[in-house]
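Working notes for the structure below.
Here the structure is a predicted model, which is why all the values come from computation and not from measurement. In what follows, chains are A, B, ... by sequence order, proteins preceding strands, each numbered from 1.
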Number of protein chains: 2
Amino acid sequence: MPGTSHDFTARLRAAGLRPTRQRVALARLLFEGGSRHVTAESLHVEVKSAQMPVSLATVYNALNQFRDAGLLREVVVAPGRSYFDTNTGHHHHFFVEPDGALHDFPSDKVTIAGLPAPPKGTRLSRVDVIVRVRR
Amino acid sequence: MPGTSHDFTARLRAAGLRPTRQRVALARLLFEGGSRHVTAESLHVEVKSAQMPVSLATVYNALNQFRDAGLLREVVVAPGRSYFDTNTGHHHHFFVEPDGALHDFPSDKVTIAGLPAPPKGTRLSRVDVIVRVRR
DNA sequence: AAGGAGTTTAGAACAGTTCTAAATACTGCA
DNA sequence: TGCAGTATTTAGAACTGTTCTAAACTCCTT
Ligand SMILES: [Mn+2]
Ligand SMILES: [Mn+2]
Ligand SMILES: [Zn+2]
Ligand SMILES: [Zn+2]
């Protein structure tokens, strides 16, 4: 089952991060199920209610490090709060207001045609599509 | 010149807002040039360096009220800070990192095909396309 | 002109995030 | 296995953007 390796110690080491107890616990929560969207606060609650309490500062550190290492992607859809996304492949999002829930949808069935060229002196970095929906 | 009316007093009144000195000053800065993207902080600096100092709380109040009245649209592209957009029509954005600059592009030349249906129990509210570019 | 509701303001409060620096844990090497 | 050295964790302080509070002020109606 390649790509779904549950050897978090190895995976963290491969990302250049020491496999500390805290990082392994967070990686387990983040990566051992399917694709997830968490906030620092929600992950902190989750890791506390499991057997392994981790400080909020460490949750923030880990999320930022995982993102910098390419293990997570940061998603900004609402003011004041960042989401971290375990799905690092190309995809887009439904954002359900006012719940704050995010749902993925694959980008390969979506066609975006007619985008203008990037402004002078810039290179394209990423195209985000956010489909905002309401209950 | 309809739609470009510079009678801000009337325009505010039409939006259900009393045309106070502060709101008129802010409306002038926001709406009398072309399309703009401001933050509360940038607009506060601007209004202070003009003849009319307005408190930061009032800038926030006005931006939120103008948005609620449909005079502005709020754009969330970066963590920790909201942009307010005087262009309330359908359009999308280039976001230049790390500058934080926003540039409009019209949505009518862009075709987005193949979007999945909104999740059960939700209605489409808006589709935002953010083209992130780097220098 | 007066009354009353709406608005502004300074400063406090708040929420999310980052920083500090002291304690602790991991790793490589003896 | 033990040690030294570096990385990491942590509690709490600090910081940033935003909202709230409540007292002073202003706009509007009469
Ligand atoms: Mn960050
Ligand atoms: Mn707001
Ligand atoms: Zn996602
Ligand atoms: Zn715009």
Next on the checklist: When you measure from the centre of the six-membered ring of F31(A), is the NZ or CZ of R11(A) closer than 6.0 Å and no more than 45° off the axis?
Outcome noted: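 Ring-cation test returns yes.
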Would you kindly give the [atom1]-to-[atom2] distance between [X] and [N], to the nearest whole Å?
X      : N       : atom1 : atom2 : answer
E41(B) : dT19(D) : CD    : C1'   : 15 Å
M52(B) : dT8(C)  : CE    : C1'   : 12 Å
R67(B) : dT18(D) : CZ    : P     : 11 Å
L17(B) : dT8(C)  : CG    : C1'   : 14 Å
Q65(B) : dT18(D) : CD    : P     : 16 Å

Checklist entry - Does T39(B) or R13(B) map to a spot on DNA chain D nearer the 5' end, using the closest nucleotide for each? => result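 It is T39(B), whose closest nucleotide lies nearer the 5' terminus.
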Quick one: is [X] getting a side-chain N or O under 4.0 Å of the [N] phosphate, OP1 or OP2?
X      : N       : value
Q22(B) : dT9(C)  : yes
R23(A) : dT8(D)  : yes
R21(A) : dA25(C) : yes

Checklist entry - Do any of residues 54-63 of chain A sit with a heavy atom less than 4.0 Å from DNA chain D, and if so which? => result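 Hits under 4.0 Å, by residue number: V54(A), S55(A), A57(A), T58(A), N61(A).
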Next on the checklist: Taking R18(A)'s backbone N and O only, do any of them form a donor-acceptor pair with R23(A)'s side chain (distance below 3.5 Å, no angle check)?
Outcome noted: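 Yes, the answer is positive, given that a donor and an acceptor are paired below the 3.5 Å cut-off.
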[atom1]/[X] to [atom2]/[Y] distance, rounded to the nearest 0.5 angstrom?
X       : Y       : atom1 : atom2 : value
S82(B)  : R67(B)  : OG    : CZ    : 8.0 Å
L63(A)  : N61(A)  : CG    : CG    : 9.0 Å
R135(B) : R123(A) : CZ    : CZ    : 13.0 Å

Item to check | side chain to side chain donor-acceptor pair (under 3.5 Å) assessment of D104(B) paired with H93(B) | outcome: CA-CA 5 Å; D104(B) 286 352; H93(B) 292 99; 3.1 Å; yes
